[in-house]
Amino acid sequence: MALSELTQRIVNTIRSVPFGYVVTYGYVARLAGNPRAARQVSRVLHSLTRKEGLPWHRVINSQGRISLKPMQGYEEQRQHLENEGIAFDASGKVDLDRFLWRPDEF
DNA sequence: AACCTGACTTCGG
DNA sequence: TCCGAAGCCAGGT
């Protein structure tokens, strides 16, 4: 079945996040055209990561934290990010002022 | 078509 | 900082 315009744009957006940077669900939604589609972003990650070869680990929540729960991907995602040079503070938070990817257009 | 669901976000208290 | 409630989106049933 055909993906909705929004879903397609979300996929493209996630795919363009460069190595060493992160984006938040809501931010991706905004870049894709609908600021309120954050939940759709998580859905996309859930269902299209493999098929589209998305850098899923670069998407975290608005607080700069990893949304996955321990033993359900948290460790793996954190490892991926640290491998790209992204730092976590003592409370497991990423400094978005420093690592959030900001496209030129925004 | 109605109802449920989720790797979300924002707002209050 | 932590928690609950409400708002939102599209795909699956």
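Worth saying up front: this structure is predicted, and the values here are computed from it rather than measured. Naming convention: chains lettered A, B, ... in sequence-line order (proteins, then strands); numbering from 1 in each chain.
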So, Asn12(A) versus Arg15(A): side-chain donor-acceptor pair below 3.5 Å or not?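 Result is yes, a qualifying pair exists.
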Go through [options] for me and flag the one nearest to the [X] side chain.
X: Lys93(A); options: dA7(B), dA10(C), dT1(C); answer: dT1(C)
X: Ala38(A); options: dA7(B), dC9(C), dC8(B); answer: dC8(B)
X: Ser4(A); options: dC8(B), dG11(C), dC9(C); answer: dG11(C)
X: Trp56(A); options: dG11(C), dC8(C), dA7(B); answer: dA7(B)

Please state whether the base of dG11(C) and the side chain of Arg39(A) form at least one donor-acceptor pair under 3.5 Å?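 Donor-acceptor pair under 3.5 Å: no.
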Within the modelled atom types, does a donor on one side and an acceptor on the other bring the side chain of Tyr74(A) and the base of dA7(B) under 3.5 Å apart? no
Taking only side-chain nitrogens and oxygens of Ser62(A), does any of them come within less than 4.0 Å of OP1 or OP2 of dT9(B)? yes
For dG6(B), take OP1 and OP2 only and decide whether either is under 4.0 Å from a side-chain N or O of His46(A).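 Negative; the distance criterion is not met.
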Taking C-beta and beyond as the side chain, do Pro55(A) and Phe19(A) meet within less than 4.5 Å on heavy atoms? no
Nearest-nucleotide wise, let me know which of Arg43(A) and Ile60(A) is further upstream toward the 5' end of DNA chain B. Arg43(A)
Determine the contact category for Leu6(A): base if any of its heavy atoms lies under 4.0 Å from a base atom, sugar-phosphate if only primed atoms, P, OP1 or OP2 are that close, otherwise nothing.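 Sugar-phosphate: the residue Leu6(A), judged by heavy atoms under 4.0 Å, touches backbone atoms but no base.
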Find the distance between CD1 (Ile60(A)) and CG (Leu81(A)) and round it off to the nearest 0.5 Å. 7.0 Å
For Asn61(A) versus Thr24(A), what's the shortest heavy-atom pair and its separation? O-CG2, 3.6 Å
When the distance from CZ of Arg65(A) to P of dC3(C) is rounded to whole Å, what number comes out? 11 Å
